[in-house]
Each structure stands twice: as structure tokens, then as C-alpha cells.
Amino acid sequence: MTVADVTAADMPASVPALTSPSAASVTLFGATTPSGQALIALAGGRTLTVAGRRPPPPAPDAGASPAFLPCDLDDLHPPPQRPAGVLLSFAPIWSFAPWLERWTHQDPAGVSALRGVVACSSSSVITKRFAANRFDRDLVRRLRQAEDLLTSTCRAQRLPLRILAPTLIYGQAGSLGDRNLSELQTLLRRLPLLPLPGQGGLRQPIHCRQLAAAALHLADRLASGPADPAEPVHLPLGGDDTLSYAHMLERLQAATAPGDPARRCRLLPLPPRLFLALSTPLILVSPKGFEAVLRIGADLAGFTPVHRILGEAPEAFPVLPLVP
Ligand SMILES: NC(=O)c1ccc[n+]([C@@H]2O[C@H](COP(=O)([O-])OP(=O)(O)OC[C@H]3O[C@@H](n4cnc5c(N)ncnc54)[C@H](OP(=O)(O)O)[C@@H]3O)[C@@H](O)[C@H]2O)c1
């Protein structure tokens with residue numbers, strides 16, 4: 001069984017298109033991420049509170065800054081004010097889940113001000129579960145334990161829950177940008193040629209603005225009435241385009257400004273066995289790095305395309321803006 005088979009088997013059969021629910025009040029965790037910045041920009045006139053260790057940088061296109069609630073998810077004390085509305089988290093789920101569990105015991109009355117929970121996990125919980133290196137196996141264990149804890153907490157508190165498991169988040173929002181494709185872009189700018197195992201495996205990158213829009217849409221759905229028990233709680237999520245690794249890099253090159261050094265890098269598809277043979281010495285230095293190289297050839301796609309959640313037209317990769 002390949003990773004692609006596992007991924008496809010884990011997909012919900014279908015996710016109903018979600019249409020124009022009413023706007024939820026939101027308490028946002030992880031605002032200092034590109035997705036958090038994008039969500040603040042999309043929040044429009046709704047009631048939005050940002051909870052975190054530090055206020056997010058001012059977003060130029062978001063109008064007035066949202067209210068700030070100081071809240072360190074690792075702090076054992078409850079926050080100075082009660083969070084309200086839908087809790088929406090782009091913070092690491094292994095910090096958010098124990099915090100919510102703790103807080104529901106510390107402030108049971110505060111739970112009544114909540115309308116639901118939308119939390120970000122990662123598609124790694126699916127795609128890295130057969131990893132050979134310990135780092136990735138530990139990551140999967142932490143993600144899964146946190147997802148289970150969040151699910152049991154929300155069930156006990158009768159809070160509707162959606163867990164988003166996105167793949168490969170990219171793009172820029174406000175002053176914050178991704179550290180995935182932007183690093184590949186840096187590599188393209190530095191190298192004259194980049195060897196690849198054939199065309200590489202399939203990818204389904206999702207822009208931080210698309211992820212934020214999906215999270216906001218689900219928050220609105222949870223706040224607008226009883227959650228439909230037929231809708232999946234766990235939503236593996238990707239962008240609207242599925243493309244080979246090589247094709248993704250070509251589109252990235254084409255999206256740079258004319259004359260950008262990234263355009264000069266030649267992609268060099270090698271026979272996959274030769275590519276792997278050449279990469280083998282990496283096992284001695286970094287087993288995790290070697291497995292990352294192996295994954296270039298794996299199909300990490302087949303997730304629900306985000307346009308299906310939003311009920312909108314699909315957007316081609318790359319969605320702009322990218323990290324400059
Ligand atoms: N990057 C990807 O490609 C990718 C792929 C799949 C899933 N995800 C998931 O998508 C979400 C966003 O990912 P990301 O890589 O942009 O961000 P990240 O590094 O996973 O999370 C950073 C955010 O979490 C906040 N945070 C961390 N610890 C906290 C604490 N103790 N108390 C309060 N806030 C805390 C940070 O706030 P501070 O400003 O206080 O540091 C920051 O806003 C995460 O849930 C991540 O697991 C990411």
C-alpha cells in the first residue's frame with residue numbers, strides 16, 4: 001500500500017458545498033501565522049478577538065485591529081478574560097487541545113459562551129504515519145493524541161468541532177509568509193540546476209488565504225445552528241490544483257517577476273533509482289532529511305479541494321500573493 005492509497009482511503013467520501021451561513025464571532029489563536037493574518041483580513045465586520053502570547057502585527061488591509069486577549073496556551077492559569085464565540089486555532093494543536101481541556105475544567109461557566117471549535121491539525125497525521133524516522137513518527141503521535149483529546153473535550157462539552165488537516169500551506173498574508181514553498185523558491189534562486197526523481201510525486205498546496213477562508217466558513221456554519229452529524233469532523237484539506245512536484249516548481253518559477261534568478265534554475269528529472277542512489281549518503285547525516293527527499297517522489301494529494309468547502313470556483317496554483 002502506498003502513501004497515496006492511504007491518503008485517498010482516508011478522505012471523506014464527499015463534503016457538501018457550504019453556502020452563506022451567518023457570520024460568527026470568533027476568538028482566533030495563532031494570529032501570528034500567515035493563515036491567521038489572512039483570517040484577520042477576511043473577518044470583515046464580524047466580532048473578532050485575537051488570543052495569543054503577543055498581538056499580531058498590524059494588517060494594512062484589515063481596518064481596525066481586533067481586540068487582543070493575552071493567552072499563553074502553555075500557561076496553566078486561565079486567561080484574564082473569557083474567550084467567546086467560535087474558537088478558531090492556527091496554533092499547534094498539541095498546545096491548543098490540552099489548553100482547551102484545562103480551561104473547560106477551570107471555567108465551566110465560560111464554556112456556555114462558546115459556539116464551537118475549528119482547529120488546525122496537519123495532513124502529516126495521515127501522510128507521515130508510516131515514516132521510518134523517529135522524528136516524524138513522534139510528530140504523528142503528538143498530532144493524533146491532540147486530535148483525540150480535542151475530540152473528547154468537545155464531545156464532553158457538547159461543542160461542535162471541526163479539525164482541519166491541511167497539506168503544504170504556502171503564500172503571504174500581511175507581513176507574514178510561509179516557510180515551505182518560499183524555501184524552495186530560495187533554492188531555485190541559488191542553484192543553476194535542481195535534480196528531481198522523475199517528475200516527483202503529486203502535491204496539492206493550499207494558500208494561507210484559502211485555508212483561512214475555509215476555517216472562517218466552517219466557524220460560521222458551526223455558529224449558525226446545530227451541526228449536521230453527517231458532515232465529517234476531520235477534514236483533510238488541500239488546494240484546488242493537484243500537480244507533480246516538477247510542475248509545481250515550474251509554476252513557481254513562472255510566478256516570479258521577469259528576470260528573477262529563480263527562472264534560470266533548470267529542473268533536471270533523473271531516473272528515480274539514480275536520484276535515490278545519489279541521495280543515499282544523506283541517511284548517515286540526517287535520516288529525517290533523507291526521508292524528506294524520499295517523499296519528493298510520493299503522492300501527497302487526494303485531499304478535499306478547498307473550493308468544495310467554500311462552494312466557489314477552483315483557483316489555479318499558485319494563488320497570489322507569494323512570499324516575494
Ligand atoms: N506550515 C505548514 O505547511 C503546515 C502544514 C500543515 C498544517 N499546519 C498547521 O497549520 C497551522 C499554522 O501553521 P504555521 O506553520 O503557520 O504555524 P505554527 O508554527 O504551527 O504555529 C505558530 C502559531 O502558534 C502560536 N503559538 C505557538 N505556541 C503558542 C502558545 N503557547 N500560546 C499561544 N500561541 C502559541 C504562535 O504564536 P506566537 O506569535 O506567540 O509565537 C503562532 O501564531 C498550525 O496549526 C500547523 O500545525 C501547517
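Whatever order the structure lists them in is the order used to number ligands and atoms, beginning at 1. Below, each value reflects all heavy atoms present in this structure, side chains not excepted, and no hydrogens, waters or symmetry copies.
Only backbone heavy atoms of Cys71 (N, CA, C or O) come within less than 4.0 Å of ligand 1; its side chain stays farther off.
Of all atoms in ligand 1, listed by their number and element, those nearer than 4.0 Å to a heavy atom of Thr32 are 36 (C), 37 (O), 38 (P), 39 (O), 42 (C), 43 (O). Each of the following atoms of ligand 1 lies closer than 4.0 Å to a heavy atom of Asn180: 1 (N), 2 (C), 3 (O). Every atom of ligand 1 is numbered from 1 in the order shown, and the set under 4.0 Å from a heavy atom of Pro34 is 16 (O). Shown in contact with Leu73 at under 4.0 Å from a heavy atom are these atoms of ligand 1, numbered in order with element: 30 (C), 31 (N), 32 (N), 33 (C). Listed by number with element, the atoms of ligand 1 under 4.0 angstrom from any heavy atom of Gly30 are 43 (O).
For Arg141, the CZ atom sits in a packed shell: over 12 heavy atoms of surrounding residues, nucleotides or ligands are nearer than 6.0 Å.
For atom 12 (C) of ligand 1, the candidate residues are Tyr170, Trp94, Phe90; the nearest heavy-atom contact is made by Phe90. Nearest residue to atom 4 (C) of ligand 1 from Leu237, Ile169, Leu211, Thr167 is Ile169 (criterion: closest heavy atom). Taking only non-hydrogen atoms, the option from Pro166, Ser121, Ser122 nearest to atom 9 (C) of ligand 1 is Ser121. Between Ala215, Cys120, Ala91, Pro205, it is Ala91 that holds the heavy atom closest to atom 25 (C) of ligand 1.
Note on residues 265-283: no pairs pass salt bridge (charged side-chain N to carboxylate O under 4.0 Å, His left out), not counting sequence neighbours.
Using a 3.5 Å distance cut-off with no hydrogens or angles, the side chains of Ser121 and Glu147 do pair a donor with an acceptor.
The two atoms that bring Ala84 and Leu114 nearest to each other are CA-CD2, 3.9 Å, heavy atoms only.
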